[in-house]
K.L.:
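Below are the C-alpha cells for one structure; questions will follow.
A quick note: this is a predicted structure, and the numbers were derived from the prediction, not measured. Throughout, protein chains are lettered first and strands after them, A, B, ... in sequence-line order, and every chain is numbered starting at 1.
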Amino acid sequence: MPHELPKSYEPGAIETRWAEYWIREKLFSVPTPPEGETRPVFTLLLPPPNVTGRLHMGHMLNQTQMDIIVRWHRMRGFITLWLPGTDHAGIATQMMVERQLAKEGKKRRDLGREKFIERVWEWKKLYGGAILDQMKRLGASVDWDREYFTMDENLSRAVREVFVRLYEEGLIYRGKYIVNWCPRCETAISDLEVKHEEVAGKLWEIRYPVIGTNEFITVATTRPETMLGDTAIAVNAKDDRYTHLHGKKVLLPLMNREIPIITDELAQPEFGTGAVKVTPAHDPNDFQAGKRHHLPQIDVMDEHAHMNQNAGPYAGLDRYEARKQILADLQAHGFLVGEKDHTLALGKCDRCGTVVEPRLSEQWFIKIKPLADRAIEAVESGEITIVPDNYRQIYLNWMNNIYDWCISRQLWWGHRIPAWTCDNCKEVTVAREAPVKCPKCGSTKLEQVSDVLDTWFSSGLLPFTTLGWPEKTRDQAVFYPTTLLITAYEILFFWVARMIMFGCHFMEGHQQDPAIKKASGWADKKNDSVPFRQVYIHALVRDADRQKMSKTKGNVIDPLEIIERFGTDATRFTLAAMAAPGTDIAFSESRTDGYRAFANKIWNAARFMFMNVDRIGFVWNRVSDPVKPGQGPDDSSGAGVSSFNPQTLEDRWILSRFNRVTAEVNDALATYRFHEAANRIYDFFWGEFCDWYLELIKPRLNFEEGADKTQAEISCGNLVSLFDASLRLLHPVMPFITEEIWHAIYEGKPPLKSIALAPYPQPDERQYDLNAETEMAILQDLIVNVRNLRAELKVEPKIKVPIDLFAPDAAIRAMIQQNRGAVERLGQVDKITFVENSLVRLAGARSTARFDVHVLYERKIDVAAECGRLTKDLEKLEKEFANNQRQLSNEQFLAKAPEKVVEGLRRRAEELTLLRDKIKHQLEELNRTGPK
RNA sequence: GGGCGCUUAACUCAGCGGUAGAGUGCCAUCCUCACACGGUGGAAGUCAUAGGUUCGAAUCCUAUAGCGCCCA
C-alpha cells in the first residue's frame, strides 16, 4: 500500500485523532500490579488543577515536562502511573458561583447553605471538567481510569479521618487568634494566601495625653481607625525618654478611655518616637504583646470590615470612611500632630485582591512544629531531593520559620470540619461521624461547626488518599512513595511542604514493596513515608518581554491559541527546549514557529522515506525491529539500532552519532535537562540526519536499471530502522507526529498499539565509531570548503566544476577517493584530481590542516574581498596563536595545567602554524598577481 | 528590612574554569525529482561595569549599576 502524506505537516488534523485514540484504547491505564511483580515502578501525581481553572502556559509547561518524563519512563519499561484529578478550590469556586448568583440578583445567603452547595455541584458538573478536557488536547498520558476529585466521598472520608486523628493527637486546636481576614470573602485566610504589595501610603502621628501630667505621648500609625481598639501604649524599658512615665496612664482620644503605658520589646527606641499604640484585636504583634500584659482585646470591626458597636460614634462606617472621619476629628481636637508619606506593604487577598484586615476570631489551627520537624529531616537527610538544588535551602528556611497553620475557612464550599457544638453546654466534639448526643451533658441538640477546611488541607493528603488510605492497599505498597513531583515554585509551601508533612506523619512505618523498590532504583532510601522521592521545581513562563503573565496586564498567552496556530508538538517542543532548570522562560512565538518548521522537516523526511520504500517495494522486516515492551531500564537487549546494517562511511557515521545522541538525551532526561534533550534531538535530526545522511544515501536509493538492488534495499532498511529509532527517541517530546509516522511505517499494522509502548532507544557502545566520525568530519569539511569557494567564485549553482585536491595523508586520500561520489554530488563537482603539491599559492583555493582544495573556474575571484577575508582569518589565527604561545611558554601553565589541555594546545599550535603560513602564502600570491 | 535570580550576536536564550554557541531575524543565492515551514553560503558579540583569585575567567569571589522574583 503506497504511503500518501500531504506535502506539508498539518498538526490539527492528526493531533486530536491520536489524543482520542490514546484515551479510547486506555493505553495509559495501570491496573494494580499483583504480588510478585518485579518490574520497576514510576509514579507521578498530577498537581490537581482547580475546577475553576482554564489552561494557561504554566500548566502547559508543567504538563509537558511531566508527560516527557512519564513517557520516557514508560518506554523504558517502568510500570508508569500518572494520576490525574481536580481540586475543589474552596474560595475560587465559591466566588465563581457567587458571581453567577449575583447576575441573578441573589446572594449565597438567600439560597442557604444546602441549596448553595447543590448549586456549586451543578456548576462543577457543567464546567469543572473544562481544564481536563484541555489537558487531553496536550496528549498528557495520564491514567484517566483513576481520575479523582478532592471532594469525592472516599477522599472526603480520608480528610475527616486525618482531622480526627490530628485532633486526638493534640495537633489540631481551636482558639481565638489574630488571623488574616478577607472582608470580601468573609473568611480567614492563611499567611500564604496574603500577597503583599508596596503602596504609597501615609504615616499619621497621634498624641495621647498622659493623665495627671500635661505631657503627651506621640505614636505613629498607618491605620488610625484601629486606635479605637487601643488598650495600651508601649514604650521600651531601656528608653530613658519615657522612664518617668512608667506606670502612668493615657487618655485614649475620641474614646475617652483610660489605658496604661506598658514597657515592652514591641516598642523599639530607634523607630519613630519610640512609643507605639497597642491594639491586640487588630494587629498580630500587638496581639502577642497584649497576651504578655493581659490586656483586653477590643474588636472594633465586623466581618465586613465595618466599624462595630465597640467603635462608639463610628459604628457602622466602612473602615476607610471611619479613617477619614477619625483623622478629621483628631485634627479638630488637636491630637493629630503629623502626617508623613510612607510606603507600606499592604496585604491583599490572593483570590480577590481585597485589602486583608488582621482580625481576632475563633479558628482551627494545626500545631505545625512537630510535623515540620520530620519534614525538615526528610529533606535534610536526602530522602527527598529537590531539583534545582537552590530550592532546597528555600524550603528549609521556610520550614524552620513556620507558624501554625490556620485551617478553618468561613466558607460553604469545601470539606466541613468534623466537629459539633452542643447547643446546651457549648462543648465541641470532634468525631468521624455525627455524634448522637453531647458526651458532656448528653444533650441531643448538636450542630456541626459551619467552617470548612482550607483547600490545601485535602490536597496535602493526595499522595496517599488517592491510593486508598486509610485502608492499607496494594496500590500503596506499589505506588507509594510516588517517584517524582513536578510543580511550580509558587506552590512549594502551599502544597509541597504540606504533602511532605502529612506524608511523613500519616505514612510513618509504611514500606514499599521491596522488590519493586529495588527494581525502581530506590534501594538506598530508608524512609518510605515520604510522599515522593524527588521534587522538580519548574520555571515560570513569562511573556516575550519577561513580564509575568497576568490578566490585569493583559499579557496572558493562551496555550490553546498557540497550539491552534503551531501545533501541540511544536508548542511542547518550545517549552522543553527553553526549559533550562532554574531559569524562567520568556515565551517567544518565533521559537515555536521554528519548531513547527522542525515538525514539517520531520514530516518531509518521512515522505522521502516512504517515497523510496514504495518505489523500491521495500518490506519492513518487523521481526528485526527491536520492539520489546516492558523491558527494564537495565535491560540493554534493545540497545542501539539492532536492525541497522552499516555498509558505508555515512552508515557507520550516522549509527555512531545516533548512539551518542541517544546517550546524551537519556542523560539529559535523567537530570531534568529538558532543553538539552530537545536540542540534542533537534540538531541530530536536522543537522546530521537530514542535512547529511539523507543527502548521502540518495544515490544508493535511486536505483534504476542495472543498479544494485540489494544495496538499495539495505540502505532503505537502514533508513527505516534509523527513522524508527529516531521517532522513538523524539516521542516523549513530540508524541503526535511521531505516533503518526510510526504507524505509517507499519502501514497501520504496528506490532504495538502505540509508539508510546515501544522501547526507548538506549546507547550501545559497540555502535560507536570514532573513525567514522573523524573521517566524516573531514569529508564534510571538504564539501563545505568547495561550496564556499563556489560561492566566492560566483559559480552558477547548476554548473559542475573540477577541483584539485592536495592531501598529504594517504589514508585521507583513500577515504576521499572512496567517497568521491559524495563530494561530487554535494559539492557540485565533476572531477577530482589529486595533486602532489600544496595549492595554497593559487587564488580560489582553501586550505585546512589536512588538505588544500582548489576549484577550477575561469571566473576571477574578487581579489579585494578574498584579501579581506584572509586578512581577517589571519588576524584571528595570529591572536589565537599568540595566546597559545603565551600559555605554552609559561612554565606555571605547563606545570599546573592538566596534561590533556597542554597536549591539546601543542597540537593546536602545530595546526595554527600550518594554517597561518598557508594564509600568508595565499595573501602574498594574491598581492603579487592581483590588481592593485 | 531579609533572601534569591538575571544582565552573552538585532531579538529570545544555551554555555557556567581550558580555542564564544543555537533558534529567529538580517544579507546573497537557488522553486535541484522529501521539505521555500526548504537548500547553500555569509555578516553579526571588549559575554553589564570595576576590582580580585587562577598558568588560564563569559564561567569562581567581591563591589557597583540596571532589571525581576520571593519572604517579612
K.L.:
Are any of A:N788's side-chain N or O atoms less than 4.0 Å away from OP1 or OP2 of B:G42?
P.N.:
yes
K.L.:
Which part of the nucleic acid, if any, lies within reach of A:A791 when heavy atoms closer than 4.0 Å are counted: base, sugar-phosphate only, or nothing?
P.N.:
sugar-phosphate
K.L.:
Between B:A34, B:G41, B:C13, which one does the side chain of A:V784 approach most closely?
P.N.:
B:G41
K.L.:
Does the distance from a Lys or Arg side-chain N to an Asp or Glu carboxylate O, for A:E357 and A:R223, drop under 4.0 Å?
P.N.:
yes
K.L.:
When we call it a touch if two heavy atoms are under 4.0 Å apart, what does A:F598 touch: a base, just sugar-phosphate, or nothing?
P.N.:
nothing
K.L.:
Give a yes/no on whether any side-chain N or O of A:K794 is located under 4.0 angstrom from OP1 or OP2 of B:G41.
P.N.:
no
K.L.:
Is A:R846 salt-bridged to A:E792, cutoff N-O under 4.0 Å?
P.N.:
yes
K.L.:
Does A:K698 put a side-chain nitrogen or oxygen below 4.0 Å from OP1 or OP2 of B:A34?
P.N.:
yes
K.L.:
Quote, to the nearest angstrom, the C1' distance that separates B:A57 from B:A50.
P.N.:
15 Å
K.L.:
Check whether any side-chain nitrogen or oxygen of A:R596 sits under 4.0 Å from OP1 or OP2 of B:C37, and answer yes or no.
P.N.:
no
K.L.:
Taking the C1' atom in each of B:A63 and B:G25, what is the distance between them to the nearest angstrom?
P.N.:
37 Å
K.L.:
Mind checking A:E10 for me? I need base, sugar-phosphate or nothing, with any heavy atom below 4.0 Å counting as a touch.
P.N.:
nothing
K.L.:
Please tell me if A:H675 has a side-chain N or O lying less than 4.0 Å from either OP1 or OP2 of B:A22.
P.N.:
no
K.L.:
Would you mind telling me which of B:A36, B:C37, B:A34 lies closest to the side-chain atoms of A:K7?
P.N.:
B:A36
K.L.:
Look at the side chain of A:K601 and decide which nucleotide, out of B:C37, B:A14, B:A34, has an atom nearest to it.
P.N.:
B:A34
K.L.:
Which heavy-atom pair separates A:L826 from A:R787 by the least distance, and what is that distance?
P.N.:
O-NE, 3.1 Å
K.L.:
By the 4.0 Å heavy-atom rule, please label A:R787 as base, sugar-phosphate, or nothing.
P.N.:
sugar-phosphate
K.L.:
Can you check whether any acceptor in the base of B:A28 is under 3.5 Å from a donor in the side chain of A:E792, or vice versa?
P.N.:
no
K.L.:
May I ask you to evaluate whether A:W686 reaches the phosphate of B:G39, defined as a side-chain N or O under 4.0 Å from OP1 or OP2?
P.N.:
yes
